[in-house]
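Here is the naming used below: chain letters follow the sequence lines, and residue numbers restart at 1 for every chain.
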Amino acid sequence: MLEFLIPNNIVCHAVEAMLFASISCGILGVVIARMNISSIGFTMSHSAFAGAAAGIFLGLNPLLTGILFSVLVATLLGPVSDRTRMSVDTTLGVMFAMSMAVAIFFISYMQYLGRGFSASGLLFGDVMSLYREEIYALAVLSIVTVAFIALFYKEILALMFNVKLAEASGIRTKVVFYGILFIIAVSVALNIDIVGGLLIYVWLVTPAAIAYQFCYSMRNMFIVAPAIAAVISAFGVWAGFEYTLPVGPLIAVLFTVAFALAVILSPKRRITSNKS
Amino acid sequence: MNKVELEGIYTAYEGGARPVIRGLSLTVRAGEYVIVGGPNGAGKTTLLESINGLAKVTHGSVRVCGIDARKAGHEVRKRVGYVLQSFYFDPFTPFTVEQVVMMGRYGRMGFFRRPQKPDHEVVDRAIGLLGLEDLRKRPIGTLSGGQQQKAMIAQNIAKEPDIMLLDEPFSNLDFSTREFVTRVLEGLAAKGMPILMVSHAFDDLPDRKIRIAIMNDGKITYDDTCDSCEVEAIVRKTSRMN
């Protein structure tokens with residue numbers, strides 16, 4: 001798609017993937033940050049990681065099994081939180097431990113069987129070996145994410161403001177919340193190939209956290225967060241290839257630096273010296 | 001016409017040793033102004049949340065505007081205003097007063113529908129009614145507790161509910177704002193909207209017949225109508241203090 005701008009096919013694919021992932025993760029990150037469920041990032045990424053490890057063990061497509069396992073965990077999250085009357089964050093902690101255990105089990109067992117398996121690809125991602133179909137999948141995911149947010153914008157807005165008030169106003173909060181969890185699960189599972197299971201957490205949290213330092217409305221946050229993600233990610237890809245640095249970790253560091261600068265420069269922390 | 005019909009309801013919370021509401025019956029007609037009183041822990045908030053389907057009613061019948069609240073809680077909540085007892089919005093909450101007031105209409109609009117011109121007009125009226133015009137573009141977290149309370153009342157008025165439930169709506173309000181909100185509620189009741197209000201503030205009741213329902217231990221132990229000037233004395237006499 002961007003070949004006319006970037007002649008190098010590998011770099012072009014990486015930038016395209018980063019841009020699409022920035023849209024989906026940046027937008028979902030706003031919802032995640034606002035609803036205080038940031039641990040969904042590492043829980044889902046480790047669910048995808050566990051599913052992918054199981055897929056490799058069973059000789060199945062790891063991307064597909066990663067998605068399936070994430071969706072399974074996402075489907076369980078809401079009902080388990082409701083049933084146990086625990087916060088979603090606590091349930092996420094339980095799911096994280098389970099996912100990590102499943103992943104380690106399969107990796108260890110494959111090593112025991114002498115079937116060499118390196119988890120580094122899943123943990124840190126690999127932007128240089130993306131297939132065109134994967135980029136198309138990310139493009140579709142971005143469109144689905146934008147469409148979901150647009151269709152349920154007012155319900156999501158109400159949920160992000162206050163769940164109890166949203167429920168009291170007659171909104172079917174569970175339907176919308178479960179839908180959000182489902183989209184996050186699929187998004188994480190598809191993006192795990194690019195930035196990896198560990199670093200996707202940064203992508204889901206940091207762009208929204210940066211946007212929050214400057215935005216006074218949710219609408220602006222939904223625009224600014226993916227834009228920040230796209231700019232930093234594209235720069236990270238360029239710098240990674242230019243200076244032969246690992247792209248995923250480099251982007252994570254760039255996000256953190258940008259967040260630190262945002263906190264320092266945020267107008268929200270200024271105290272007026274005006275006496276009138 | 002009966003707007004609320006509760007018959008022998010029991011409401012319990014998960015893990016509770018016994019139901020909070022036990023065998024309560026109550027009927028509220030259009031235009032009634034009902035003060036729900038009683039000591040702490042009597043079940044007043046649970047009564048309001050049993051009416052709008054937020055609390056789980058285990059036995060008995062709950063009909064609100066003819067709808068079975070046990071089966072279609074969200075349908076009931078679309079038609080019932082509910083001003084919560086306590087809330088906190090952090091100063092950086094990126095939602096303006098106007099947006100928060102509009103949220104009152106979201107449930108009624110249903111999925112896939114954006115606010116239209118009539119919705120904005122209703123919101124404008126609600127904001128005007130509560131005197132929040134100058135604050136409408138301000139993030140709600142930067143308002144004082146009393147101003148936030150007014151915004152929450154405006155949100156529920158914008159909903160255009162058939163019934164209004166209020167849980168301690170005067171808790172954050174100064175005297176002049178209490179008077180002001182009382183006049184607003186009186187205006188709604190005069191138009192036929194039943195008002196059910198849990199309150200311990202009786203110095204600014206409207207000059208009209210008030211129905212008092214006193215709760216003790218999950219039941220209504222006193223239910224009668226009186227003049228507003230008699231309310232405080234009756235509540236003091238009939239509420240068993242903890």
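With values rounded to the nearest 0.5 angstrom, A:Arg219 atom CZ is found 10.0 Å from B:Gln99 atom CD. Note that OH of A:Tyr216 and OG1 of B:Thr93 are 13.0 Å apart. Values are rounded to the nearest 0.5 Å.
Under the 4.5 Å side-chain criterion, counting only non-hydrogen atoms from C-beta, B:Phe111 is in contact with A:Val176. Between A:Asn162 and B:Met103 the shortest side-chain heavy-atom distance does not fall below 4.5 Å. The side-chain heavy atoms of A:Arg34 and B:Pro94, taken from C-beta on, include a pair separated by under 4.5 Å. Counting heavy atoms from C-beta on, the side chains of B:Tyr106 and A:Leu157 come closer than 4.5 Å.
Contacts between B:Val76 and chain A at a heavy-atom distance below 4.5 Å are absent for every atom of the residue. For chain A, the nearby part of B:Arg108 is the backbone; its heavy atoms alone come within less than 4.5 Å. Contacts of B:Met102 with chain A are absent, with no heavy-atom separation under 4.5 Å from either backbone or side chain. Looking at B:Ile140, the atoms closer than 4.5 Å to chain A (heavy atoms on both sides) all sit in the side chain, from C-beta outward. Contacts between A:Phe161 and chain B at a heavy-atom distance below 4.5 Å involve backbone atoms as well as side-chain atoms.
Looking at every heavy atom in both residues, B:Arg113 comes nearest to A:Lys154 through O-NZ, 2.9 Å. Looking at every heavy atom in both residues, A:Ser169 comes nearest to B:Gly104 through CB-O, 4.3 Å. Taking all atoms of both residues into account, the shortest heavy-atom contact from A:Ala168 to B:Leu54 is CB-CD1, 4.2 Å.
Residue B:Glu133 places its CD atom among more than 12 non-hydrogen atoms of other residues, nucleotides or ligands, all under 6.0 Å distant. Few gaps surround OH on A:Tyr178; more than 12 heavy atoms of other groups in view lie less than 6.0 Å from it. The number of heavy-atom neighbours closer than 6.0 Å to NE2 of B:His200, taken from other residues, nucleotides and ligands shown, is above 12. Within a 6.0 Å radius of CG in B:Asp134, other residues, nucleotides and ligands contribute 12 heavy atoms or fewer.
The pair B:Glu49-A:Lys164 counts as a salt bridge, with a side-chain nitrogen and a carboxylate oxygen less than 4.0 angstrom apart.
Contacts with chain B were tallied for A:Glu155, A:Met218, A:Arg172; A:Arg172 has the most, counting heavy-atom pairs under 4.5 Å. When B:Arg79, B:Glu75, B:Gln155, B:Lys78 are compared by the number of non-hydrogen pairs under 4.5 Å with chain A, B:Lys78 comes out ahead.
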Evaluate the criterion side chain to side chain contact (heavy atoms under 4.5 Å, CB included) for residue pair B:His74 and A:Thr173; output intermediate values, then yes/no.
CA-CA 10 Å; B:His74 69 277; A:Thr173 50; over 6 Å; no

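One N or O on the side chain of B:Arg77 and one on the backbone of A:Glu167 form a donor-acceptor pair closer than 3.5 Å.
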